[in-house]
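Contents: one structure, followed by commentary.
Here is how names work: the chains are called A, B, and so on, in the same order as the sequence lines, proteins then strands, and each is numbered from 1.
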Amino acid sequence: MTTTVELMDYAEVVERYDPVLGLEVHVELSTNTKMFCGCPNSFGGDPNTHVCPVCLGMPGALPVVNGTAVESAIRIGLALNCDIAEWCRFARKNYFYPDMPKNFQTSQYDEPIAFDGHIDVVLDDGEVVRVDIERAHMEEDTGKSLHVGGATGRIHGAEHSLLDYNRAGVPLIEIVTKPITGMGERAPEVARAYVTALRDLLRAMDVSDVRMDQGSLRCDANVSLMPKGASEFGTRTETKNVNSLRSVERAVRHEMTRHAAILADGGSIKQETRHFQEADGTTAAGRTKETAEDYRYFPEPDLVPIAPTREWVEQLRGTIPEMPWERRKRIQDDWNLTDEELRDLVNTGAIDLVAATVDAGASQADARSWWVQYLNQQATSRDTELADVAITPAQVARVIELVGSGELTNKLARQVVDGVLDGEGDPDQVIEKRGLKVVSDDSALLAAVDEALAAQPDVADKIRGGKVQAAGAIVGAVMKATKGQADAARVRELILERVGA
Amino acid sequence: MSDLTRLTAAELADKIHTGEVSAAETTQAHLDRIAAVDGDVHAFLHVDAEGALEAARTVDAAVAAGERPASPLAGVPLALKDVLTTKGVPTTCGSKTLEGWLPPYDATVTRRLREAGVPILGKTNMDEFAMGSSTENSAYGPTRNPWDLDRIPGGSGGGSSASLAAYEAPLAIGTDTGGSIRQPAAVTATVGVKPTYGGVSRYGLVAFSSSLDQAGPCGRTVLDAALLHEVIAGHDPMDATSVDAPVPAVVDAAREGARGDLSGVTVGVVREFSGEGYQGGVLRSFETAVAQLKELGAEVVEVSCPHFTYALPAYYLIAPSECSSNLARFDAMRYGLRVADDGSHSAEEVMSLTREEGFGAEVKRRVMLGTYALSSGYYDAYYGSAQKVRTLITRDFAAAFEQVDVLVSPTTPVTPFKLGEKVDDPLAMYLNDICSIPANLAGNAAMSVPSGLSDEDGLPVGLQIMAPALADDRLYRVGAAYEAARGPVLDKLGELEAAK
């Protein structure tokens, strides 16, 4: 039975309540092997093919920590301005679930590898919000359950379940914020901007695929409301199954309006896990537990403590790339961009492509123009991401170079780019194949000019009579005759020369 | 009984490597002996005659080709405790829950034995998941002590110790979490060693209590145990708790000790290990042993380790806590027993009903104890306090080893009791390990070596020797010296047939 959930109008929600957010982001590291064994860490694969005695929890099998995962964890901690533990351990989080092979998850508990950090998040209008990070810790992923026979794909109502342990033991970093308060009506936007910032950062660091659609970046959004001006947090709900950046914002916003309606009606919020439903942007209650789960954490006796030397930590600090938002700021300054121009760059996802095109020799204005305008249109019409269009920054730079040297007109250049996008080769090959060079041979052009003047003697007379603007008709005829491969300005000069104007 | 089964592993190795006897006939002799007596003793849960003979024939082929033996023990057969995985060979841990399971991989110990050319005769009986002191907790029925078939062979590794005492195998592997190698050795008059924690890989040792479990060698002589120790010990990258240090030269130490000179060695007698609960016969045997150590030239002093008194309660919080988590994986999902899978039960119910059916009473008791000790609100009082006691015991050892080279005590306060005598009294059963547990909690090395028969009941008594971590060689030096002075004990055990 479904009951219609009353929602409060958002303007009223933020007038009456202060939202408090807590975001838990799980990131799958893109290490070659799993967290505690040598199995390949790769998305997909036939079920139960990336498994061994260790990640299947076979009797007697033991874990060994993946050093690269620890390195990534420390780097992520450093990038988030965290302190790095001098000594920390793994713990066992005990609970029974069929897709968890050992029936405990090897995870860090009260001794995370990184803690007390922050990240500066840039909102759409350029406002910067600092989000404090509680901790970032290492753990292993579970396998996957596929529930067969139920209507929803959830365990409830399923006839049977299939288990795939390929994902079991994949290294995860869980990044937990401190409570995010005082954001008011912008709370949903802050949530999205925070996850976006994390995604951009982790991608720049090359530690994860950060694909929300594939689950390599997952966000659980904790939301509570307290009456405006109060200081004691309300009861929170934790929304899972949030599979896109947009969904993060929608889920938070939905929970705020749902909580507010319940609270305003004198009701109380049940502390529970909720599932975000992409189709209508609402959340549904998960299975409620009668009692709080007692995970009986204790230090993992099969592993030895991790004690990163300060020397190593400092060495890793040197590998942290410029923060994506700092880089954006620097590029704005370097390129002297307006806020609007920067936003276009960021929103189209063109920033790295433009930078790479500039590195390949193009001017930033030309590079920006190509990527933000023509190529962005092409990406849209071809239904792909800008980063995925089939042209490289170097190829774009080459096209820009040819335009600059007069060998291509802008119109021809677009045809060359189309050819590259259609897989006809690099720009020079496309020019060769399609015969797209500017006709710069004056004798060939003069023949076309003479022909056009002869065809329209009245226009020729007008030009001779001083009506120079009438030359446009002749230019058009010449361009048509040369299939657009002539430089229009040169054609104009030749016409004027010919009629002796 | 074939003469071959009466020889020590060192003697057999010598004969096999010189071609005087073949590994195959040696292995066959032991298989025959198993066939003859194991119906009474029940040391084995599974005999792998074909696998053992094949390994033996490989050794014989190498000897015939004039190749160097794969190891000093190549061709000498062995009994393996059923808690270590063997690829394609049943591994039950004495539990119904693993009945019929064929592991897809070898434990590191198993692999090292195979690489050393040691034929594995079969898998030995044990208390379920190594929880017990008598093998009565095996789901497949108890093992009996060759000294008296109505008595317990010790536990949890009673199958391994009984196989040695019954001359079914010249060598065996045990595992020791709180005394499961040493107490069975003591009550069967055989030698058993718990190496330094981390000295022998735990990879493939089905975990009872991860921070305490340690596999180790069992033999009829100290030298045999040393030879086996060197085969199985050493760093293993598959076990994060494995010690990355050279293996102590235990064989050299055993040979050195056998010369019978302990001058320059200081032996500490632990004051706390005597008094109430210790049989008079055990204490008198221990006093005799101490006197013999003095005669060998050792200086003997009394030392106090005040926190050893708390070792047993600390152990019974730490071990069950870890076991409650370690045994969670037996849930019917991937291997082993599955009950109630009839389409009418949820996965959760199948897990629960399988565990109900598959685990015996003692395992359930410890899983429940551990679950309780780790639960929210009790963790600090139980698990946390126990870990503090553990630290204090480690400090007691450290202080003692500043004064002495080794510590000695009785291995166990009593001689082997009758089957069924303590089965309904877990606390009385737990007291068997009162002297052996401190070494597990601290991660030290310890050995039990036969110290004769009790003057009360004529049953075996063991002398425990304890050494600092990574100083396992001291055990072998002192143990071998004492063994040489005391003379063989097992020889007093008549033919098994006569004992019946």
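- B/T110 and B/T86 share no donor-acceptor pair across their side chains, judged by distance under 3.5 Å alone.
- With salt bridges taken as basic N to acidic carboxylate O contacts below 4.0 Å, one links A/K178 and A/D116.
- Counting heavy-atom pairs under 4.5 Å between each of B/T241, B/T85, B/L327 and chain A puts B/T241 at the top.
- In terms of non-hydrogen atom pairs under 4.5 Å with chain A, the most contact-rich of B/S211, B/G204, B/S201 is B/G204.
- Looking only at heavy-atom pairs under 4.5 Å with chain B, the residue among A/P59, A/P101, A/A61 that has the most is A/P59.
- Among the residues in residues 378-390 of chain B, those with a non-hydrogen atom closer than 4.5 angstrom to a non-hydrogen atom of chain A are B/Y379, B/Y383.
- We find that A/D302 and B/R202 are joined by a salt bridge, their nearest charged nitrogen and carboxylate oxygen being less than 4.0 Å apart.
- Only the side chain of B/L98 comes within less than 4.5 Å of a heavy atom in chain A; its backbone stays farther off.
- Judged by distance alone, the side chain of A/R89 and the main-chain N or O of A/P305 form no donor-acceptor pair under 3.5 Å.
- A salt bridge is defined here as a Lys NZ or Arg NE, NH1 or NH2 lying under 4.0 Å from an Asp or Glu carboxylate O, and A/E174 with A/R135 fails to meet this definition.
- At a threshold of 4.0 Å, the pair B/R366-B/E362 counts as salt-bridged, since one of the basic side-chain nitrogens sits closer than that to a carboxylate oxygen.
- With B/T92 contributing its side chain and B/G94 its backbone, the two residues share a donor-acceptor pair below 3.5 Å.
- For A/F104, the part lying near chain B is the side chain, with the backbone staying farther off; criterion is any non-hydrogen pair under 4.5 Å.
- Both the backbone and the side chain of B/N326 have a heavy atom closer than 4.5 Å to some heavy atom of chain A.
- With a 4.5 angstrom heavy-atom cutoff, A/Y165 touches chain B only via side-chain atoms.
- Classified by interplanar angle (parallel below 30°, tilted 30° to 60°, perpendicular above 60°), the ring pair B/W101/B/Y335 is tilted.
- Contact check on B/D106 versus B/R111 returns no salt bridge, with no Lys/Arg side-chain nitrogen under 4.0 Å from an Asp/Glu carboxylate oxygen.
- Within 6.0 Å of the NZ atom in B/K96, the count of heavy atoms belonging to other residues, nucleotides or ligands does not exceed 12.
- The greatest number of non-hydrogen atom pairs below 4.5 Å with chain A, out of B/S376, B/A373, B/P237, B/S325, is found for B/S325.
- Looking at A/P98, the atoms closer than 4.5 Å to chain B (heavy atoms on both sides) sit in the backbone and in the side chain alike.
- Other residues, nucleotides and ligands contribute only 12 or fewer heavy atoms inside 6.0 Å of the CG atom of A/N32.
- Counting heavy-atom pairs closer than 4.5 Å to chain A, the top residue among B/M351, B/E322, B/R329 is B/R329.
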